[in-house]
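Notes follow once the structure below has been shown.
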Amino acid sequence: MSPQNSKSGDPARSLALLWRTQEPASRRRGKPGLSVDRIVVAATELADAEGLDALSMRRVAEALDVGTMSLYTYVPGKGELIDLMVDAAYADLDTGDRSGTWRERLHRIAHANRDLYIRHPWMLQTVTTRLLGPNLIAKYDHELSAVDGLGLSDVEMDSTVSLVNGYVESTARQTVNSEWLTRDSGMDDQQWWRTADPLLAALADESQHPTAARVGVSVGTTHRALYAADHEFTFGLERVLDGVQVLVDARSGTDEVGMRGGRAGGDGAVT
């Protein structure tokens, strides 16, 4: 069954929890104290291992060896818990490294976000548009800094970051779906192809679709897989950044230099 997108929590409650405006003290004696952070860690470990569909307040309580009702003292519901989990995951991103050219910085940002999705695939089922937690804001500020000072307007800076992040999320979802398919079917791409190839050969007339046949054989021979996640991600990311290069060059008046392979630095200069 395909996983369903989660629902975000109540905005006021989520924001209060994300910014830790108040948190009850633990009443446990002789055991590690219960806290929002401990609940988030346990919930994240459960979601990482079994997916977001398996997440429930009861399962988290069992992992922490507490009663389910105890969790509600700290987190009012699953929606708010997921909001906390997402923002906590963003804390794993390195927002301190701002070295290199704008293209190098966006390249690192894209790979870091992709790696985060691969480590926590359940994040692809969440909706974070209104999730204004401290770690998300730090992430956003870091990503904007990669294109600051290039002559782009504030709106163009935001749109550039959204473009890169949207591409990363889309390709990460394809990668995760491919991994789910392998697990669910019990066959990797090569095993599936050994089974399907003779059937397709008997059913499909290559002369009717010669281009598809030629390209399909070439791709399969090159990647030894139906979908080469790393290649597709890298190829597409470079094309996305090529598009950003056109915009940066247009704003700095160096279109032709950019097309010859120049790279704009953080101050807008071409290096």
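Computed over heavy atoms, backbone and side chain alike; hydrogens, waters and symmetry mates excluded.
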State plainly whether the residues R103 and E238 are in salt-bridge range, i.e. N to O under 4.0 Å.
->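 Yes, this pair counts.
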
Salt-bridge criterion met for D97 and R108 (N-O under 4.0 Å) |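 Looking at D97 and R108, the cut-off is met.
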
Between [atom1] of [X] and [atom2] of [Y], what distance do you get to the nearest 0.5 Å?
| X | Y | atom1 | atom2 | answer |
| --- | --- | --- | --- | --- |
| L81 | L55 | CG | CG | 5.5 Å |
| R251 | L152 | CZ | CG | 7.0 Å |
| R214 | H209 | CZ | NE2 | 14.5 Å |
| H120 | Y117 | NE2 | OH | 11.5 Å |
| L106 | T160 | CG | OG1 | 7.5 Å |
| L84 | S14 | CG | OG | 6.5 Å |

Heavy-atom count around Q174 CD within 6.0 Å, excluding the residue itself: above 12?
->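 Count over threshold, so yes.
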
Show the nearest heavy-atom pair for residues [X] and [Y], with the distance to one decimal.
| X | Y | answer |
| --- | --- | --- |
| Y90 | L136 | CE1-CD1, 3.7 Å |
| L237 | H107 | CD2-CD2, 3.9 Å |
| A112 | L93 | O-CD2, 3.7 Å |
| Y227 | T171 | OH-O, 4.1 Å |
| M85 | L52 | CE-CD1, 4.4 Å |

[X] side chain to [Y] backbone, donor-acceptor under 3.5 Å:
| X | Y | value |
| --- | --- | --- |
| S252 | V248 | yes |
| S170 | G166 | no |
| W19 | L132 | yes |
| S145 | H142 | yes |
| D148 | L144 | no |
| E80 | R13 | no |

State, with a plain yes or no, whether a side-chain heavy atom of [X] is found less than 4.5 Å away from one of [Y].
| X | Y | result |
| --- | --- | --- |
| V60 | L64 | yes |
| L71 | L34 | yes |
| P134 | D87 | yes |
| T101 | E104 | yes |
| D141 | T95 | no |

Which is it for K139 and D92 under the salt bridge (Lys or Arg N to Asp or Glu O under 4.0 Å) test, yes or no, and what are the steps along the way?
-> CA-CA 10 Å; K139 171 182 183 291; D92 291 340; over 6 Å; no

Where does the angle between the aromatic ring planes of F233 and Y167 fall among parallel (under 30°), tilted (30 to 60°) and perpendicular (over 60°)?
->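 The arrangement is parallel - the two ring planes meet at less than 30°.
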
Is there a salt bridge (Lys or Arg N to Asp or Glu O under 4.0 Å) between R105 and E143 once you walk through the steps?
-> CA-CA 8 Å; R105 293 196 295 271; E143 292 168 350; over 6 Å; no

Would you check, one step at a time, whether the test side-chain contact (heavy atoms from CB on, under 4.5 Å) holds for Y74 with L17?
-> CA-CA 9 Å; Y74 297 84; L17 286 165; over 6 Å; no

If we ignore angles and hydrogens, is there a donor and acceptor under 3.5 Å between the side chains of [X] and [Y]?
| X | Y | answer |
| --- | --- | --- |
| N113 | E169 | no |
| D249 | Q245 | yes |
| S35 | D37 | no |

